[in-house]
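Numbered from 1 within each chain, the chains take letters A, B, ... in sequence-line order.
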Amino acid sequence: MTDFSPQYLDVLNEEQLAAVTHEGKSLLILAGAGSGKTRVVTTKIAWLIQHKHVDPYSILAVTFTKKAANEMKERAVKLEPKAQWSQIRTFHSWGAYFLRRYADEAGVDKNFTVYDEDDMATLVSKAIPSLPKKEVSQIVRKISLAKDYGLTPASKNLELVGGDGVFAGQYALYQERLRSTGNVDFGDLILLPYLTLKNNEALRRDIHFRYRVIMVDEYQDSNIAQSLLLQELSGVNENAGTYVCVVGDDDQSIYRFRGAEVRNILEFKNQFPGTDLIRLVKNYRSTQEILQCADCVVSNNEGRLGKTLVAARGKGKKPTLVFLPTQDDETLFCANLIEQQHDKGVPYSDWAILYRMNAQSLGFETTFLHSKIPYGIVGTLKFYDREEIKDALAWISFIANPKDEVAFRRIVNKPVRGIGPSSQDKIVDAGLGEDLTGAAKKIKLAKKASEGIEDFCRIFDELSAMLADDEDSVPAGTSLADFVKEVGEKTGLKEFHQMQDEIAGTQKISNLEELANSAVQYPLSRKGLLDFLDSISLDRSTQGAEEDAASQDKVTLITLHNTKGLEYKRVIITGMEYGVFPREDKAGDDLEEERRLFYVGITRAQNELYFTSCAMRRLYGRSNYMQPSPFLNELGKGNFRILGEAPFGFNFANGRAAGAGAIEGASSSAAYSDPIAKKYCKGAMVYHDDWGHGQIVHADLTDEGEYVVTVNFETGGSKKFLPKYQSSSLLVEGT
DNA sequence: GATCGTTCTATTTTT
DNA sequence: TAGAACGATC
């Protein structure tokens with residue numbers, strides 16, 4: 001490799017280059033939507049290794065989603081193969097890595113698995129008996145939030161998450177019970193590394209010695225605990241000299257309700273003194289018209305650092321706001337629009353339908369099914385949330401860590417082995433904090449139950465015996481898939497779910513097979529099993545759904561939240577009504593977050609953007625008169641055109657609303673102000689040097705924002721022209 | 001432990 | 001409206 005070959009720097013714009021080559025204490029990159037931030041981060045990693053001779057091993061780059069982490073790693077390695085030695089992973093998977101490596105220091109079992117919210121609920125209801133289910137899930141939410149805020153049961157300010165003295169006690173009981181299982185929950189993956197580092201100076205030194213560069217992507221989505229962890233990791237308050245670079249967009253922070261704290265990004269420069277700020281505002285994704293709307297909307301927010309995106313692409317087509325009578329008209333309008341464009345060669349996969357609530361997808365599904373428009377929904381029933389998958393995973397988790405009370409309870413009596421809740425309680429009480437199979441064998445149970453336990457333990461032993469203790473003794477030609485398959489067979493789960501399949505026509509068996517297949521890349525060992533479980537619990541994403549839509553030419557139905565990081569050629573943001581978006585209980589900071597969500601939605605669109613708003617909508621089985629979303633008034637004067645009739649009394653700064661019933665295919669009546677467009681308008685008769693006489697039957701803008709017309713010639717042919725470049729060969733007659 | 005009828009409730013969800 | 005959740009019953 002040549003010592004100096006940064007051709008990859010040539011493709012960067014000025015700000016991107018400045019961000020890549022920045023040196024100093026720390027850097028905050030404010031990266032607007034579509035501004036090429038992944039390119040900047042990956043190039044920076046490559047540049048540091050190649051040009052600044054930073055040891056790749058000493059670079060840590062964290063993101064929030066597995067998908068983003070994979071993409072970042074892949075692109076960085078492409079630029080600089082040595083980046084494969086850097087740690088590029090999600091915050092939580094780094095936490096899992098840290099906790100396994102320093103399990104003793106952190107006080108967890110090396111073989112821990114990660115509890116999700118359901119598991120947490122089971123634990124809460126066992127740690128605090130006789131609580132109604134509703135309260136249990138409330139407590140779980142509060143505990144999760146507390147951990148996101150970096151709060152322990154002993155923390156003074158639990159009221160930050162709405163917790164009082166009672167809650168502190170409940171949190172403590174849960175925590176005690178959780179520790180006795182040896183497992184961790186999601187919050188622990190951040191909070192425990194933070195606490196461990198904070199209380200262990202020697203370990204902290206080691207870590208500071210190891211990580212010299214730390215980068216965090218999507219920093220606007222970080223929570224307090226993550227910010228605290230970053231401070232300990234980097235040793236910023238101890239002058240450890242680590243270079244910290246965070247990238248984010250305060251305008252795209254949409255996970256406040258889950259503990260994300262915009263203030264992390266707003267106050268970064270205070271936490272990391274000497275921080276430089278670079279803004280990336282050149283947008284390579286959307287047309288100028290779309291970005292204008294986005295900017296107008298988000299400038300209504302007060303709590304922001306402020307930036308205005310600049311379109312690198314053409315002006316484009318004005319977004320369209322469509323007023324419709326009912327939600328059924330809304331789905332029909334979308335279907336017609338998509339179908340109409342499809343007839344003209346626009347693939348279904350160009351389109352995404354965005355909505356605030358999952359419930360809104362239903363109407364679109366029905367209509368699309370009816371119209372035979374292929375669609376895919378992002379983010380519904382997740383694979384790993386399915387009953388049969390959870391059952392199999394509970395068995396696998398229990399074999400990894402037989403102290404796992406939650407997994408034990410889930411599987412011990414499924415299929416029925418005569419071990420009811422009271423027997424389960426007896427076993428768990430006797431064996432809290434130890435191998436529960438051992439405890440189960442020791443204590444005295446009813447005849448039926450003890451026979452069941454014998455059976456259960458036999459299965460456990462047989463399955464455990466399949467796994468190699470160390471990597472060297474893994475038999476050739478095997479994989480963890482063999483084990484997962486055997487879990488289905490031996491435990492009776494397969495038989496159990498086969499019955500369900502026959503009764504309800506479900507896909508449980510094939511789901512179990514799919515689970516086994518996904519384990520094929522892991523070795524048949526204890527380590528392989530833990531890696532497999534980690535890969536599952538740390539990637540609960542709606543994997544594949546987006547790629548699926550593109551590869552199979554489907555319309556994407558998706559919640560606004562789920563669109564973050566994605567882009568589509570044509571976007572329809574639906575349900576633009578007060579009460580739906582924004583919800584009517586939103587005010588202050590919450591309203592600003594809703595507005596950011598709108599901003600995220602708008603900036604997903606590359607070429608075309610539509611908003612739909614209904615005068616009437618069924619909500620919770622009731623029909624309601626709706627007011628247009630106040631956000632529509634924030635789109636900015638003249639930044640969009642209107643189809644349909646705005647509800648009475650709703651005046652737009654923007655002005656003109658088309659007459660009643662004027663709902664039509666959006667591209668057919670475009671009013672372009674450009675003189676060329678005026679001249680070559682729809683209906684005009686033209687003469688072409690080569691093709692003869694004809695008429696303009698259609699006028700539109702291309703993806704690049706160029707004015708394009710379709711001409712039908714007397715000879716029968718039809719052809720598209722860009723008049724801007726054809727003014728001499730394509731003549732308008734009668735002028 | 002399964003099934004049926006009644007009652008209640010109702011965002012968003014990277015890990 | 002629709003689903004989950006709970007209690008009563010077999």
**OP:** Run the ring-centre check on H561(A) versus Y255(A) and record whether the distance is less than 6.0 Å.
**Re:**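 For H561(A) and Y255(A), the ring centres are under 6.0 Å apart.
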Subject >> W395(A) ring center near F456(A) ring center (under 6.0 Å) >> reply: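 Yes, the ring of W395(A) comes within the 6.0 Å limit of the ring of F456(A), centre to centre.
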**OP:** Kindly state each residue pair satisfying salt bridge (Lys or Arg N to Asp or Glu O under 4.0 Å) with at least one member in residues 113-138 of chain A, sequence neighbours excluded.
**Re:**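 Counting only pairs at least two positions apart or across chains, the salt bridge (Lys or Arg N to Asp or Glu O under 4.0 Å) contacts touching residues 113-138 of chain A are D116(A)-K390(A), D116(A)-R540(A), D118(A)-K390(A), K126(A)-D425(A).
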**OP:** Scan residues 181-193 of chain A for pairs that pass salt bridge (Lys or Arg N to Asp or Glu O under 4.0 Å), counting only residues two or more places apart or in two chains.
**Re:**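 Every salt bridge (Lys or Arg N to Asp or Glu O under 4.0 Å) pair that includes a residue of residues 181-193 of chain A, provided the two are not neighbours, is K147(A)-D185(A), K147(A)-D188(A), R179(A)-D188(A).
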Original post:
Which letters describe nucleotides 6-13 of chain B, given B = protein heavy atom under 4.0 Å from base, S = only from sugar-phosphate, - = neither?
Top reply: ----BBBB
Subject >> Set of side-chain hydrogen bond (donor to acceptor under 3.5 Å, both in side chains) partners for S535(A), sequence neighbours left out >> reply: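 With sequence neighbours excluded, S535(A) shows a side-chain hydrogen bond (donor to acceptor under 3.5 Å, both in side chains) to Y522(A), given in chain and number order.
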Original post:
Looking for any heavy atom pair under 4.0 Å, which part of the strands does D590(A) touch: base, sugar-phosphate only, or nothing?
Top reply: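 No contact.
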**OP:** Remember a base hit wins even if backbone is also touched, and classify V114(A) as base, sugar-phosphate or nothing at under 4.0 Å, heavy atoms.
**Re:**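 V114(A): no heavy atom of the nucleic acid under 4.0 Å.
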Original post:
On DNA chain C, which is the earliest and which the latest nucleotide, 5' to 3', with an atom closer than 4.0 Å to a heavy atom of chain A?
Top reply: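 Extent of the interface on DNA chain C: dT1(C) to dC6(C).
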Original post:
For atom P, what is the distance between dA5(C) and dT12(B), given to the nearest Å?
Top reply: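 Per the computed distance, 16 Å lies between those P atoms.
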Subject >> Salt bridge E387(A)-K414(A), side-chain N to carboxylate O under 4.0 Å >> reply: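 So E387(A) pairs with K414(A) through a salt bridge.
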Subject >> Comparing F64(A) and G420(A) on DNA chain B - which has the more 5′ nearest nucleotide >> reply: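 Taking each residue's closest nucleotide, the earlier one in sequence belongs to G420(A).
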**OP:** Could I get the full list of side-chain contact (heavy atoms from CB on, under 4.5 Å) partners for S537(A), not counting sequence neighbours?
**Re:**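 Residues passing side-chain contact (heavy atoms from CB on, under 4.5 Å) with S537(A): V114(A), D534(A).
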Original post:
What's the shortest heavy-atom distance between V580(A) and R356(A), and which atoms?
Top reply: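 Closest approach of V580(A) to R356(A): O-CG, 3.3 Å.
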